[in-house]
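Written out below as structure tokens is the structure these notes cover.
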2 protein chains.
Amino acid sequence: MFELDLRSRAPIYEQLAEKVKELIIHNVLKPDQQLPAVRVLAGELTINPNTIQKAYRELENRGYIYSVPGKGSFVKPAETGINVIRLQDLEKELEKIVTEMLYLGVRPQEIITRIKRQLSKSADKGGPHHD
Amino acid sequence: MFELDLRSRAPIYEQLAEKVKELIIHNVLKPDQQLPAVRVLAGELTINPNTIQKAYRELENRGYIYSVPGKGSFVKPAETGINVIRLQDLEKELEKIVTEMLYLGVRPQEIITRIKRQLSKSADKGGPHHD
DNA sequence: CAGGTGTACTAGGTCATATAATACAGTTAG
DNA sequence: CTAACTGTATTATATGACCTAGTACACCTG
């Protein structure tokens with residue numbers, strides 16, 4: 001279910017958290033859907049349960065999942081508590097990327113075009129689910 | 001000249017490389033301009049020269065600077081060898097950010113607006129210098 | 001030659017990461 | 001209730017990246 005690079009400088013728990021986050025964002029993992037149990041996923045990925053646990057804890061701290069002792073870990077619906085700080089971080093990252101693209105010679109019009117293409121591509125898959 | 005966070009999980013040499021890269025991208029450091037010598041910068045930042053060297057090496061590998069033994073390290077002009085791989089990475093990052101912004105409830109029109117604002121802000125400072 | 005530059009190497013310390021082995025408490029199906 | 005599942009916590013240990021310290025060599029320039 002997940003492909004991890006054990007040689008990467010990025011920690012395993014961070015890679016895993018990133019993968020799960022992407023599945024949530026792309027709506028592959030639906031709200032309130034149960035995630036694989038830490039021991040099960042540990043067995044499948046041949047990774048220590050503690051490492052899985054660390055990834056899940058990180059995802060919980062960032063507001064993407066919630067865990068219930070005895071029951072399991074589940075995808076947290078996006079509506080509850082929109083993360084303003086995370087949006088500011090994304091804004092800064094976006095700024096960096098656009099600036100570097102300009103530096104590398106990409107024309108402004110080209111940047112706009114690509115983003116619009118991306119927007120129409122993501123619209124149907126993982127768009128927001130406002131009530 | 002540089003502000004580093006010694007407590008951050010991000011390595012010092014990575015932080016430094018990122019800072020220098022941003023100065024280059026924003027055209028604060030001009031093409032072929034000499035960078036501070038490794039020992040000098042090490043003294044100013046109270047950091048081991050080896051760490052500075054590591055940051056410079058990384059910048060050289062990524063194509064942002066070039067070093068000449070005996071002379072110094074200098075800003076590499078952007079035109080020579082446009083990094084296609086780097087552009088693909090930026091494209092992927094851009095895709096991730098846009099997707100996550102949508103997930104967090106930002107409207108597509110709002111994303112376009114912010115990027116256009118960013119484009120006009122960067123245009124005068126660090127735009128490409130085509131011959 | 002003297003003093004600057006980049007670069008390379010070894011040695012040692014620190015800390016995050018990952019593993020291993022237990023352990024405990026809550027939930028749930030039988 | 002019992003068994004088997006869940007998340008969570010703890011301790012111990014090993015590994016590797018990171019950083020420092022010190023030294024050394026080759027190159028360039030006034």
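Reckoned from all heavy atoms, side chains included, excluding hydrogens, waters and symmetry mates. Throughout, protein chains are lettered first and strands after them, A, B, ... in sequence-line order, and every chain is numbered starting at 1.
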Original post:
Between the side-chain atoms of Asn50(B) and the base atoms of dG22(D), is any donor-acceptor pair under 3.5 Å?
Top reply: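 Answer yes: a donor N or O sits under 3.5 Å from an acceptor.
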Is there a side-chain polar atom (N or O) of [X] under 4.0 Å from OP1 or OP2 of [N]?
{"X": "Thr51(A)", "N": "dT19(C)", "value": "yes"}
{"X": "Lys54(B)", "N": "dC19(D)", "value": "no"}
{"X": "Lys71(A)", "N": "dT28(C)", "value": "yes"}
{"X": "Tyr13(B)", "N": "dC19(D)", "value": "no"}
{"X": "Ser67(B)", "N": "dT7(C)", "value": "yes"}

Please report the distance, rounded to the nearest Å, between [atom1] in [X] and [atom2] in [N].
{"X": "Glu60(A)", "N": "dT6(D)", "atom1": "CD", "atom2": "P", "result": "17 Å"}
{"X": "Gln53(A)", "N": "dA21(C)", "atom1": "CD", "atom2": "C1'", "result": "16 Å"}
{"X": "Leu45(B)", "N": "dC19(D)", "atom1": "CG", "atom2": "P", "result": "13 Å"}
{"X": "Ile65(B)", "N": "dG6(C)", "atom1": "CD1", "atom2": "P", "result": "9 Å"}
{"X": "Arg57(B)", "N": "dC9(C)", "atom1": "CZ", "atom2": "C1'", "result": "11 Å"}
{"X": "Phe74(A)", "N": "dT27(C)", "atom1": "CZ", "atom2": "C1'", "result": "10 Å"}
{"X": "Leu41(B)", "N": "dG6(C)", "atom1": "CG", "atom2": "P", "result": "10 Å"}

**OP:** Just compare dT20(D), dG6(C), dT19(C) and give me whichever is closest to any side-chain atom of Asn48(A).
**Re:** dT19(C)
Original post:
Is Lys54(A) close enough and on-axis enough to Tyr13(A), meaning under 6.0 Å and within 45°, for cation-pi?
Top reply: yes
**OP:** Decide salt bridge (Lys or Arg N to Asp or Glu O under 4.0 Å) for Glu22(B) and Lys96(A); before the verdict, give the C-alpha distance in whole Å, the side-chain angles of both, and the deciding distance to 0.1 Å.
**Re:** CA-CA 8 Å; Glu22(B) 287 181 7; Lys96(A) 281 186 183 179; 3.3 Å; yes
Original post:
Where each residue is assigned the nucleotide of DNA chain C containing its nearest heavy atom, which of Val68(A) and Leu6(A) is assigned the position nearer the 5′ end?
Top reply: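 Per heavy-atom nearest nucleotide, the more 5' residue is Leu6(A).
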Original post:
Considering heavy-atom distances to DNA chain C, does Gly70(A) or Gln34(B) have its closest nucleotide positioned more toward the 5' end?
Top reply: Gln34(B)
**OP:** Look up atom CD in Gln15(A) and atom CG in Leu45(A), then write down how far apart they are to the nearest 0.5 Å.
**Re:**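 If we round to the nearest 0.5 Å, Gln15(A):CD and Leu45(A):CG are 11.0 Å apart.
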Original post:
Checking all strands, does Arg39(A) fall into the base, sugar-phosphate, or nothing category for heavy-atom contacts under 4.0 angstrom?
Top reply: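 It contacts base atoms.
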**OP:** For residues Gln53(A) and Arg57(A), determine if any side-chain heavy atom of one lies less than 4.5 Å from a side-chain heavy atom of the other.
**Re:**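 Counting from C-beta outward, Gln53(A) and Arg57(A) do come under 4.5 Å.
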Subject >> Minimum side-chain heavy-atom gap Leu41(B)-Tyr56(B) below 4.5 Å >> reply: yes
